[in-house]
Participant: 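Mind looking over this structure? Questions follow.
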Amino acid sequence: MPVTIRAVFFDLDGTLLRDDRMSSVIEAVAFDLARTHPQLRVRTLLARQHQVWQEHWDEAGEDWLLGRIPADAVTREVWRRTLASLGVDDPAVVERAVAMHMAAEEESHTLYEESADVLAALRERGLLLGLITNGASDLQRAKIRAAGIEDAFDTVLVSGELGVLKPTEEIFQQGLRRLDVAASEALHVGDNLESDVAGARGAGLRAVWVDRRCTRHVVPGASMADAIVSDLNGLLPLLE
């Protein structure tokens, strides 16, 4: 990696923060609902919730990412539709499901084991650090606080606050302006080939793909990345 890099931007979910625990969050809610409502079956709940989530995300996902609806709006509507489709049309039950879901999700907001050390090492090298994340403002800010990395960055850009999201060029350009660096002096690190890698490259930044599942040989588009690492430790030798 060229020595001209002055700033490193990071994605949050799946890059710094674990995002592989959502299935356990949904399962916990489903088991609680099935326990209190014997007519419900966990397997049926999980299958239906997954289907409804996909359908509703197509309808409301962009509005959520851009901050046009409350942080818990998608979760509430998905559980409402899921339960209603299975014969439970009680607002109190929906609220219980949403409360459990949000609480369990908050507890799942933990860093990958190397994240804090890598951020500290890059800071010690004098690099500027930024965070660019897609999501509702309240939720993404809560994740950052829960992970204890509020003070790790020189700037934080949340799509729900800005009205623009990755992979659009504007959110990356805003990050560059905030840190007063040129695109050629900046690197973006993320786990999503479209939002992070293609988005950053489209804005003129270099891009590192975090491929934690080691799928680079079978995933189309991996060659877009300037470098591929299996975890964030791989950044350190690239930026020596």
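Residues: numbered from 1 along the sequence shown. All values reported here derive from a predicted model rather than from experimental measurement.
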Participant: If you draw a 6.0 Å radius around CZ in R43, do more than 12 non-hydrogen atoms from other residues or ligands fall strictly inside?
Facilitator: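 At most 12 heavy atoms, drawn from other residues, nucleotides or ligands, come within 6.0 Å of this atom.
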
Participant: State, without any angle test, whether T4 and E185 hold a side-chain donor-acceptor pair at a distance under 3.5 Å.
Facilitator: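 Checked: T4/E185 side chains show no N/O donor-acceptor pair below 3.5 Å.
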
Participant: About how many Å separate CD of Q173 and CZ of R178, when rounded to the nearest 0.5 Å?
Facilitator: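 Here the rounded value is 13.0 Å.
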
Participant: Taking K143 first and then E106, would you say they form a salt bridge - that is, a charged N and a carboxylate O separated by under 4.0 Å?
Facilitator: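 Not counted as a salt bridge, because no side-chain N and carboxylate O are separated by less than 4.0 Å.
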
Participant: Is R201 reaching over with its side chain to a backbone N or O of A225, donor-acceptor style, under 3.5 angstrom?
Facilitator: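 No; judged by distance alone, with no hydrogens or angles, the pair does not exist.
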
Participant: Working to the nearest 0.5 Å, report the span between CZ of F9 and CG of L187.
Facilitator: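 Answer for the CZ-CG pair, F9 versus L187, is 10.0 Å.
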
Participant: Could you check D19 against D191 for side chain to side chain contact (heavy atoms under 4.5 Å, CB included), going step by step and ending with a plain yes or no?
Facilitator: CA-CA 11 Å; D19 69 345; D191 70 309; 4.2 Å; yes

Participant: Using 30° and 60° as the class limits, which term best fits the ring planes of H188 and F172: parallel, tilted or perpendicular?
Facilitator: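 Rings of H188 and F172: perpendicular, as their planes differ by over 60°.
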
Participant: Between V74 and V25, is there a shared hydrophobic cluster once you connect ILVMFWY residues whose side-chain heavy atoms come closer than 4.5 Å?
Facilitator: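 Each belongs to a different hydrophobic cluster.
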
Participant: Do T36 side-chain atoms and L33 backbone N/O form a donor-acceptor pair below 3.5 Å?
Facilitator: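 Yes.
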
Participant: Evaluate the side-chain proximity of V208 to D226: yes if any heavy-atom separation is below 4.5 Å, no if none is.
Facilitator: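 A side-chain contact is absent here, since even the closest heavy-atom pair is not under 4.5 Å.
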
Participant: Taking T133 for its side chain and L12 for its backbone only, find out whether a donor-acceptor pair lies under 3.5 Å.
Facilitator: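 No; judged by distance alone, with no hydrogens or angles, the pair does not exist.
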
Participant: Tell me whether the count of non-hydrogen atoms from other residues, nucleotides or ligands lying under 6.0 Å of CG in D180 goes above 12.
Facilitator: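 Atom CG in D180 is not crowded, with 12 or fewer foreign heavy atoms closer than 6.0 Å.
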
Participant: Do L45 and T82 have side-chain heavy atoms sitting under 4.5 Å apart?
Facilitator: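 Of all side-chain heavy-atom pairs linking T82 with L45, at least one is under 4.5 Å.
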
Participant: Which atom pair, heavy atoms only, marks the closest approach of L128 to L179?
Facilitator: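 Between these two residues, the closest heavy atoms are CD1-O, 3.7 Å.
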
Participant: Test salt bridge (charged side-chain N to carboxylate O under 4.0 Å, His left out) on R76 and E95 and set out the steps.
Facilitator: CA-CA 7 Å; R76 175 169 285 99; E95 290 306 312; 2.8 Å; yes

Participant: Does D72 offer a backbone N or O that forms a donor-acceptor pair with the side chain of T75 under 3.5 Å?
Facilitator: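 Flag not set: sc T75 to bb D72 has no pair under 3.5 Å.
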
Participant: Please check if atom CD in E150 has more than 12 non-hydrogen atoms from other residues, nucleotides or ligands closer than 6.0 Å.
Facilitator: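 Check passes, neighbour count above 12.
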
Participant: Side-chain contact test, heavy atoms from C-beta onward, threshold under 4.5 Å: evaluate it for W79 versus V93 and give yes or no.
Facilitator: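 Sidechains of V93 and W79: no contact.
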
Participant: What I'd like to find out is whether the side chain of D32 reaches to under 4.5 Å of the side chain of E27, using heavy atoms alone.
Facilitator: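 No, side chains not in contact.
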
Participant: Mind checking whether M102 and V52 sit in one hydrophobic cluster, side chains of I, L, V, M, F, W, Y counted as touching below 4.5 Å?
Facilitator: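 No; tracing contacts between hydrophobic side chains, which count when under 4.5 Å, never links both residues.
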
Participant: Between A200 and A207, which heavy-atom pair has the shortest distance, and what is it?
Facilitator: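 Closest approach of A200 to A207, heavy atoms only: CB-CB, 4.1 Å.
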
Participant: Taking NZ, NE, NH1 and NH2 as the nitrogens, is one of them in R21 or E105 under 4.0 Å from a carboxylate oxygen of the other?
Facilitator: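 The answer is no: the pair does not qualify as a salt bridge.
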
Participant: Please round to the nearest 0.5 Å and tell me the distance separating atom CE of M224 and atom CH2 of W209.
Facilitator: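 Between M224 CE and W209 CH2, I get 9.0 Å after rounding to 0.5 Å.
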
Participant: Check whether any side-chain heavy atom of D154 sits under 4.5 Å from a side-chain heavy atom of R123, and report yes or no.
Facilitator: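 Yes, close enough: below the 4.5 Å cut-off.
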
Participant: I want to check something: taking the side chain as every heavy atom from C-beta on, are N134 and Q140 in contact at a cut-off of under 4.5 Å?
Facilitator: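 N134 does not reach Q140 side chain to side chain.
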
Participant: Mind checking whether L46 and I26 have side chains closer than 4.5 Å, heavy atoms only?
Facilitator: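 Yes - at least one pair of side-chain heavy atoms lies under 4.5 Å apart.
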
Participant: Decide whether L127 and L232 are clustered together by the hydrophobic rule: side chain heavy atoms of Ile, Leu, Val, Met, Phe, Trp, Tyr closer than 4.5 Å, transitively.
Facilitator: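 Per the 4.5 Å side-chain linkage, L127 and L232 are co-clustered.
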
Participant: What heavy-atom pair brings W64 and P70 nearest, and what distance separates the two atoms?
Facilitator: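 Closest heavy-atom pair between W64 and P70: CD1-O, 3.7 Å.
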
Participant: Treat each ILVMFWY residue as a node, draw an edge where side-chain heavy atoms are under 4.5 Å apart, and state whether L17 and L129 are in one component.
Facilitator: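 Same cluster: L17 reaches L129 through Ile, Leu, Val, Met, Phe, Trp or Tyr contacts under 4.5 Å.
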
Participant: Does the pair H109 and L139 meet the rule for a side chain to side chain contact (heavy atoms under 4.5 Å, CB included), with working shown?
Facilitator: CA-CA 11 Å; H109 297 158; L139 180 58; 4.1 Å; yes

Participant: Regarding E161 and S137, is there a side-chain donor-to-acceptor distance under 3.5 Å anywhere?
Facilitator: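 Per modelled atom types, E161 and S137 side chains form a pair under 3.5 Å.
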
Participant: Between L236 and V118, what is the shortest heavy-atom contact and its length?
Facilitator: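 Scanning both residues completely, I find the closest heavy atoms to be CD2-CG1, 4.2 Å.
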
Participant: Locate the shortest heavy-atom distance separating V229 from L235; write the atom from each residue and the value.
Facilitator: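 Closest approach of V229 to L235: CG1-N, 4.2 Å.
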
Participant: Does E194, at its CD atom, have more than 12 non-hydrogen atoms belonging to other residues, nucleotides or ligands within less than 6.0 Å?
Facilitator: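 12 or below, so no.
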
Participant: Treating R68 as the side-chain partner and L65 as the backbone partner, does any N or O pair qualify as donor plus acceptor under 3.5 Å?
Facilitator: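 No: the side chain of R68 does not pair with the backbone of L65.
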
Participant: Show the numbers, then the answer: is there a salt bridge (charged side-chain N to carboxylate O under 4.0 Å, His left out) between D13 and R18?
Facilitator: CA-CA 6 Å; D13 300 294; R18 300 186 70 99; over 6 Å; no

Participant: Would you check if R141 and V156 make a side-chain contact, meaning some heavy-atom pair closer than 4.5 Å?
Facilitator: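 In short, these two side chains touch, coming nearer than 4.5 Å.
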
Participant: Any sub-3.5 Å donor-acceptor pair from E77's side-chain atoms to H56's backbone N or O?
Facilitator: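 Absent.
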
Participant: Show your working on salt bridge (charged side-chain N to carboxylate O under 4.0 Å, His left out) between K166 and D11 and close with a plain yes or no.
Facilitator: CA-CA 10 Å; K166 298 179 293 182; D11 166 59; 2.8 Å; yes

Participant: Return the NE2 to CD distance between H50 and E55, rounded to the nearest 0.5 Å.
Facilitator: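 The CD atom of E55 is 10.0 Å from NE2 of H50, to the nearest 0.5 Å.
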
Participant: To the closest 0.5 Å, what do you measure between CG (L205) and CG (L176)?
Facilitator: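 Between L205 CG and L176 CG, I get 5.0 Å after rounding to 0.5 Å.
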
Participant: Do Q51 and R48 have side-chain atoms, one donor and one acceptor, less than 3.5 Å apart?
Facilitator: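 On atom types as modelled, these side chains qualify, holding a pair under 3.5 Å.
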
Participant: Same cluster or not: are M22 and F31 linked, directly or through other Ile, Leu, Val, Met, Phe, Trp or Tyr residues, by side-chain heavy atoms under 4.5 angstrom apart?
Facilitator: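 Yes, M22 connects to F31 through the hydrophobic network.
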
Participant: Which atom pair, heavy atoms only, marks the closest approach of V210 to D231?
Facilitator: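 Shortest heavy-atom contact: CG1-CA, 4.4 Å.
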
Participant: Roughly how far, to the nearest 0.5 Å, is CD1 of I144 from CD1 of I149?
Facilitator: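 Rounded to the nearest 0.5 Å, the CD1-CD1 separation comes to 6.0 Å.
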
Participant: Any donor-acceptor pair under 3.5 Å linking the side-chain atoms of R213 with those of S230?
Facilitator: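 Checked: S230/R213 side chains show no N/O donor-acceptor pair below 3.5 Å.
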
Participant: Keeping D196 on the side-chain end and N192 on the backbone end, is there a donor-acceptor pair under 3.5 Å?
Facilitator: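 Yes, the answer is positive, given that a donor and an acceptor are paired below the 3.5 Å cut-off.
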
Participant: Ion pair present between D89 and R80, side-chain N to carboxylate O less than 4.0 angstrom?
Facilitator: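 No.
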
Participant: Tell me if a side-chain donor or acceptor on T168 pairs with a main-chain N or O of V164 at a distance below 3.5 Å.
Facilitator: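 Flag not set: sc T168 to bb V164 has no pair under 3.5 Å.
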
Participant: Using only atom types and a distance under 3.5 Å, with no angle test, would you say the side chain of S115 pairs donor to acceptor with the backbone of L16?
Facilitator: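 Yes, because the side chain of S115 sits within donor-acceptor range (under 3.5 Å) of the backbone of L16.
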
